K.L.:
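Encoded as structure tokens, here's the structure I'll be asking about.
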Amino acid sequence: MNVNIYIETAYSGPAKRRMAGAWMAEYLLQSGKPITRGGIIYADIITENEMALRLLQQALSILTKTCCVRVFTTCTHILNTMENHWLWQWQGNGWKNARGKQVGNMDLWQQCAALLEQHIAEWTDEEHSYRQCMRGRIKKEMERDHRLNSPENYLAVEVPEWNTGKGDRRHAEKETGSI
């Protein structure tokens with residue numbers, strides 16, 4: 001099965017800030033009809049890298065079958081890590097980078113590595129048809145005041161219109177299958 005995963009964040013760069021990001025996973029039925037799952041993550045204090053990794057972890061966690069996954073992201077940290085095979089080097093080095101220091105966001109990288117093990121993945125920063133829709137929804141979340149209890153907390157926000165094929169579970173499973 002081929003699955004596209006789309007990751008969008010409100011900001012780029014290493015600064016910690018209030019941010020929202022969006023993830024979406026899409027696959028096509030045999031009829032050619034697209035089925036999507038997705039959501040938003042909001043945090044009061046987070047970097048782009050951590051946000052993108054949280055979004056990636058959320059998207060990968062819904063995959064229940066071995067898939068060929070194409071990940072669309074503009075996060076250069078994720079793109080560089082995956083294209084240069086650093087993730088697997090870090091794993092082999094006890095989660096130490098080339099300088100011998102512990103990998104940043106190690107827990108998220110470990111979760112993503114475990115989720116990626118059963119899939120074949122490719123990584124791209126190409127334009128995609130969902131980008132404007134996702135960025136518009138991110139902007140709406142950024143305008144809300146979620147007032148999280150702690151700066152370290154984050155909030156997963158459901159986006160019903162991005163979760164197609166839902167409804168009666170038995171009907172949805174027949175119609176859409178599982179990702």
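Values in this document were obtained by computation on a predicted structure and should not be read as measured data.
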K.L.:
Let me check something: do I7 and I62 share a hydrophobic cluster, defined by ILVMFWY side-chain heavy atoms less than 4.5 Å apart, either directly or through other members?
P.N.:
yes

K.L.:
Would you say R37's side chain and T164's backbone share a donor-acceptor pair under 3.5 angstrom?
P.N.:
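A pair under 3.5 Å: yes.
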
K.L.:
Using a strict 4.0 Å threshold on nitrogen-to-oxygen distance, state whether E143 and K140 make a salt bridge.
P.N.:
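Here E143 does not pair with K140 in a salt bridge, since their nearest N and O are not under 4.0 Å apart.
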
K.L.:
Under a 4.5 Å side-chain heavy-atom rule over Ile, Leu, Val, Met, Phe, Trp and Tyr, are L148 and I45 clustered together?
P.N.:
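Hydrophobic grouping puts L148 apart from I45.
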
K.L.:
Below 4.5 Å, heavy atoms only, C-beta onward: do T73 and D125 meet side chain to side chain?
P.N.:
no

K.L.:
Identify the two heavy atoms, one from N49 and one from C75, that lie closest to each other, and give their separation to 0.1 Å.
P.N.:
OD1-SG, 3.5 Å

K.L.:
Got a list of side-chain donor-acceptor pairs under 3.5 Å for residues 82-90, not counting sequence neighbours?
P.N.:
from: N84; atom 1: ND2; to: N80; atom 2: O; distance (Å): 2.9

K.L.:
According to the side-chain hydrogen bond (donor to acceptor under 3.5 Å, both in side chains) rule, which pairs have a member within residues 5-19, sequence neighbours left out?
P.N.:
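Listed once each, the pairs are N4-Y6, Y6-E26, E8-H128, E8-R131, E8-R135, R18-Y42.
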
K.L.:
Should we count CD1 of I120 as having more than 12 external heavy atoms under 6.0 Å?
P.N.:
no

K.L.:
State the CE-CE distance between M51 and M19, to the nearest 0.5 angstrom.
P.N.:
6.0 Å

K.L.:
Which pairs would a plain distance check flag for residues 95-106, meaning a side-chain donor or acceptor within less than 3.5 Å of a matching protein atom at least two apart in sequence or in another chain?
P.N.:
from: N97; atom 1: OD1; to: R99; atom 2: N; distance (Å): 2.9
from: N97; atom 1: OD1; to: G100; atom 2: N; distance (Å): 3.2
from: N97; atom 1: OD1; to: K101; atom 2: N; distance (Å): 3.0

K.L.:
Can a donor-acceptor pair be found, under 3.5 Å and without considering hydrogens, that links the side chain of T36 to the backbone of W162?
P.N.:
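The answer is yes, because a donor-acceptor pair under 3.5 Å joins these two groups.
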
K.L.:
Taking atom CG of L116 and atom CH2 of W109, what is their separation to the nearest 0.5 Å?
P.N.:
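These two atoms lie 9.0 Å from each other.
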
K.L.:
With no hydrogens and no angle check, is any side-chain donor or acceptor of N2 less than 3.5 Å from a backbone partner on V69?
P.N.:
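No; judged by distance alone, with no hydrogens or angles, the pair does not exist.
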
K.L.:
Hey, does the side chain of H119 reach the backbone of C67 with a donor-acceptor pair shorter than 3.5 angstrom?
P.N.:
yes

